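Only one structure is covered here, and it is reproduced in the block below.
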Amino acid sequence: MSKDWKTRTKLVHGGTRRSQYNEVSEAIFLTQGFVYDTAEAAEARFLQAGPDEFIYARYGNPTVAMFEDRIAALEGTEDAFATASGMAAVSGALTAMLKAGDHVVAARALFGSCLYVLEEVLTRFGVEVSFVDGTDLGQWRAAIRPETRAVFFESIANPTLDVVDIGAVAEIAHEVGATVIVDNVFATPVFSRAVEQGANVVIYSATKHIDGQGRALGGVILGTREFIRGTVEPYMKHTGGSMSPFNAWIMLKGLETIALRVNAQADGALAIADALQDHPALARVIYPGHPAHAQADLVKRQMGKGGTVIALDLQGGQEAAFRFLNALEVVLISNNLGDAKSIATHPATTTHQRLPEDRKAALGITPGLVRLSVGIEAPEDLIADILQALGAAGGKQ
Ligand SMILES: *Cc1c(COP(=O)(O)O)cnc(C)c1O
């Protein structure tokens, strides 16, 4: 593979390994083990496996390796480790590198399960975690200390779509030698330039845009070869969070079309956000890629396009939000995102249901907030569907 290939070429050909049959479409090596010609060969491989030699699927597998190499080529990192889910990637990357007594600084606005890992799990093992408003560089500066080992944040936070300045936070973190770990799901690996901007480790839930068709769970940790093979792999291969070969094949095929899909989704999201700007039923329309977004310049610099998710805040609170959701005909009510199908979620009563009211309010998760993951349907049909549902929700506009 050439390092000079453009993204779309890397996505189709990167990491490919062909068997003796020279198949065109990547093979699924649905095997947990590998046969050795001799006892001596088995001994030698356990001592030091070569770059394309495998021992056991929890350690590695040819289909999984194709996915790892293809996404590492896309992200521009030396290596990658594929995991059973996005959360196996988040918890694996953090647990693999941290020990009791370490200090972590994290943005407060996080996916619920990420918050659980940082707040409930790591602290049980003697890791101290400080939370900050990820968009406030002064808070990062105040919280990061000489003993801070890692900082963790979502580059675009779920569900309010606040954007964290990767380069600026990395600069502060690197002054004390802390590792910058970015959960980059909402940015997608296509729009991401996180490593170039200073991130040391990038994490994706492959369940979202990488699969892109809502079929399988998966995740990936990307970083230097030393971090991935020296720190992450020993932890993951012995604790069991590895990706299955079948899921790796789904993700590998997902990568072939991801650039086409997320570009179409982001263009659709911008068209929808534009059409809704002054709608009387809406208190707020949040889309990081729209010129009206408070962080539009940062978004342009950090990722070019604004991603595939919009947040709408309905004037009439939860009742209006529910009327809106129930009136949608094309857009589905569900809680995945990044799918080819457009999906709407009411965070306050689903993904963030368990957060106390004061914490919801602090994070901007209002009763009227609806998260809209824009799919690849025709934007005109999505706009018409959303407008008719807003009409049904409005009542007393
Ligand atoms: C979905 C998601 C995860 C978790 O991924 P799973 O594949 O569901 O385990 C982590 N972070 C963010 C930002 C997500 O959206």
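Heavy atoms only: backbone and side chains are in, while hydrogens, waters and symmetry mates are out. All values derive from a computational prediction rather than experimental measurement. Every number for a ligand or one of its atoms is a count from 1 in the order of the listing. Index from 1, following the sequence.
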Checklist entry - Any nitrogen or oxygen of L337, main chain or side chain, under 3.5 Å from a nitrogen or oxygen of ligand 1? => result no
Checklist entry - Where the side chain of R229 meets the backbone of A80, is there a donor-acceptor pair that is under 3.5 Å apart? => result yes
Checklist outcome for this item: shortest atom 2 (C) of ligand 1-to-protein heavy-atom contact is with K208 NZ, 2.4 Å
Next on the checklist: I'd like to know whether CG of D52 has more than 12 heavy-atom contacts from other residues, nucleotides or ligands below 6.0 angstrom.
Outcome noted: yes
Next on the checklist: So for D183, does at least one of its heavy atoms come nearer than 4.0 angstrom to any atom of ligand 1?
Outcome noted: yes
Checklist entry - Out of S373, A216, S205, whose heavy atom is nearest to atom 8 (O) of ligand 1? => result S205
Checklist entry - Does E154, backbone or side chain, put an N or O under 3.5 Å from an N or O of ligand 1? => result no
Checklist entry - Under 3.5 Å, side chain of E154 to main-chain N/O of F111, donor-acceptor pair present? => result yes
Checklist entry - With only distance considered, is G86 within less than 3.5 Å of ligand 1 through an N or O on each side? => result yes
Checklist entry - Is a side-chain donor or acceptor of H346 paired with a backbone partner of P367 at a separation under 3.5 angstrom? => result yes
Item to check | Identity and distance of the protein heavy atom lying nearest atom 7 (O) of ligand 1 | outcome: T207 OG1, 2.6 Å
Item to check | Distance (rounded to the nearest 0.5 Å) between Q213 CD and N336 CG | outcome: 11.5 Å
Next on the checklist: Please check: side-chain N/O of R149 versus main-chain N/O of K99, any donor-acceptor pairing under 3.5 Å?
Outcome noted: no
